[in-house]
Asks: 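My questions all concern the structure below.
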Amino acid sequence: MFKNLLEQIYKEVNTLNLEGQQASYIPELANVQPNKFALHITTIDKKHYGIGDVNEKFSLQSIAKVFAFTLAYQLKGSAIFQHVGVEPSGNPFNSLIQLEQEQGFPRNPLINAGALAICDVLISELNNPEDEILSFVRKIARNKTITYNPAVYQSEKKTGYRNRALIHLMKSFGRIQNETENVLDLYFKLCSIEMTASELSKTFLLYANSGIIPDSPEQILTESQTKRLNAIMQTCGFYDEAGEFTFRVGLPGKSGVGGGIAALHPGKYAIAVWSPLLNAKGNSVKGMKALELLTTKLGWSIF
Ligand code: GLU
């Protein structure tokens, strides 16, 4: 069923001539070929279907914020919500205005300010955050080869002016415990993690599987925590387009400026799509269209 459907969707999206812009504020991301396109689904009953550039690595960028939050939530339980809220921001992912108005308390863990606050918590909690985050991602991905991309990391480190502004603003409100450069460094590393669409859909299956790593007895998040994280992805996972994504697609997920989107249907499947051309809000144009067609043709969404 999924195989034919993905083939149909892939073809249909390619005929639409959808227009978008590649992210260039992180210079390294502008070097990716704009016509890349991949769709990969992994189901709870262990089936895999992919089409397009499914075995090419791409930069996860903000999608990796989900993994950092998962680890911090596992370590701190509901105390993590002393550091980040659970409200959609309705603002661009790197906006400073709301953060100033709300005394440096980030609206949610999936905007930049929130992910920086989570990196700060991870630095306080872990002995070697850089290695431990990577080991955690490798564990949930069931793949020891997942790694940071040094060129993307360096590229963002050189140009991350707005993230520097965000963290300094939070620090001025007493919200950041560690050195700002250390937090930024970890955050840029996190965003530089790369995966293929196939690897990403397999990793996201955790969130469709009540927080248990598929094929293992290991429960990473409780069922209730998983429900809550999925709710945060639903309401906050698509920049200030979370409403539009929910309206058109109806699945929890997270996008990144590398052009990836990972989404899931609890109890059924996880899907990763990748196409670097973004709309004005920063979401992959083809990716959103493909997911809209998927849930519409399947007649399944969480609503
Ligand atoms: N590393 C990117 C930034 O902080 C992540 C943005 C994103 O994917 O939304 O600007």
Side-chain angles (χ1 to χ4, degrees), residues 20-32 36 57-69 84 88-96 98-99 106-120 122 130 133 137 148-170 176 180-195 197 200 204 232-233 235-242 244-245 253-263 272-285 287-288:
Q21 288 281 326
Q22 223 161 328
S24 57
Y25 74 103
I26 301 173
E28 193 63 25
L29 295 182
N31 295 333
V32 179
K36 294 286 171 192
K57 300 269 188 192
F58 60 92
S59 187
L60 292 190
Q61 293 298 318
S62 277
I63 300 171
K65 292 171 180 170
V66 176
F67 306 143
F69 179 73
V84 288
S89 71
N91 271 305
F93 61 100
N94 53 8
S95 169
L96 285 148
Q98 201 166 48
L99 196 61
R107 280 263 169 136
N108 66 68
L110 302 182
I111 50 173
N112 288 16
L116 286 162
I118 293 299
C119 286
D120 182 48
L122 291 174
E130 188 187 319
I133 291 178
V137 174
Y148 302 116
N149 178 319
V152 173
Y153 157 72
Q154 286 296 345
S155 180
E156 187 165 14
K157 192 174 160 75
K158 273 195 204 124
T159 56
Y161 306 113
R162 197 167 262 271
N163 287 316
R164 285 202 167 76
L166 288 169
I167 196 147
H168 283 278
L169 188 57
M170 286 193 285
I176 297 292
T180 53
E181 273 309 311
N182 294 346
V183 181
L184 284 165
D185 212 62
L186 187 64
Y187 172 80
F188 295 145
K189 288 243 162 74
L190 174 74
C191 292
S192 81
I193 292 177
E194 51 182 21
M195 286 191 190
L200 182 59
F204 254 66
I232 295 172
M233 284 198 253
T235 53
C236 312
F238 297 90
Y239 312 120
D240 48 342
E241 205 172 33
E244 179 80 12
F245 187 86
K254 181 72 197 94
S255 60
V257 295
I261 302 179
V273 297
W274 172 50
S275 161
L277 297 177
L278 310 178
N279 66 19
K281 301 279 169 101
N283 291 309
S284 168
V285 187
M288 264 181 86

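Atoms within a ligand are numbered from 1 in the order they appear, just like the ligands themselves.
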Asks: For ligand 1, output the ligand-protein N/O contacts shorter than 3.5 angstrom; if there are none, return none.
Replies:
| from | atom 1 | to | atom 2 | distance (Å) |
| --- | --- | --- | --- | --- |
| ligand 1 | 1 (N) | Q61 | OE1 | 2.6 |
| ligand 1 | 1 (N) | E156 | OE1 | 2.8 |
| ligand 1 | 1 (N) | E156 | OE2 | 2.7 |
| ligand 1 | 4 (O) | N112 | ND2 | 2.9 |
| ligand 1 | 4 (O) | E156 | OE2 | 3.1 |
| ligand 1 | 4 (O) | N163 | ND2 | 2.9 |
| ligand 1 | 4 (O) | Y187 | OH | 2.5 |
| ligand 1 | 8 (O) | S62 | N | 2.9 |
| ligand 1 | 8 (O) | S62 | OG | 2.9 |
| ligand 1 | 8 (O) | Y239 | OH | 3.2 |
| ligand 1 | 8 (O) | V257 | N | 2.8 |
| ligand 1 | 9 (O) | S62 | OG | 2.5 |
| ligand 1 | 9 (O) | Y239 | OH | 2.6 |
| ligand 1 | 10 (O) | Y25 | OH | 2.5 |
| ligand 1 | 10 (O) | N112 | ND2 | 3.4 |

Asks: Suppose we screen for side-chain contact (heavy atoms from CB on, under 4.5 Å). Which residues come up paired with N182, at least two apart in sequence or across chains?
Replies: I123, E179

Asks: Using 4.0 Å as the upper bound for N to carboxylate O, is an ion pair formed by E181 and R164?
Replies: yes

Asks: For Q154, enumerate each residue passing the side-chain hydrogen bond (donor to acceptor under 3.5 Å, both in side chains) test, keeping only those at least two apart in sequence or located in another chain.
Replies: none

Asks: At their closest point, which heavy atom of Y187 faces which heavy atom of K65, and how far apart are they?
Replies: OH-CE, 3.5 Å

Asks: With Y153, which residues qualify under side-chain hydrogen bond (donor to acceptor under 3.5 Å, both in side chains), at least two apart?
Replies: D185

Asks: Is K254 positioned over the aromatic face of Y239, cation under 6.0 angstrom from the ring centre and no more than 45 degrees off axis?
Replies: yes

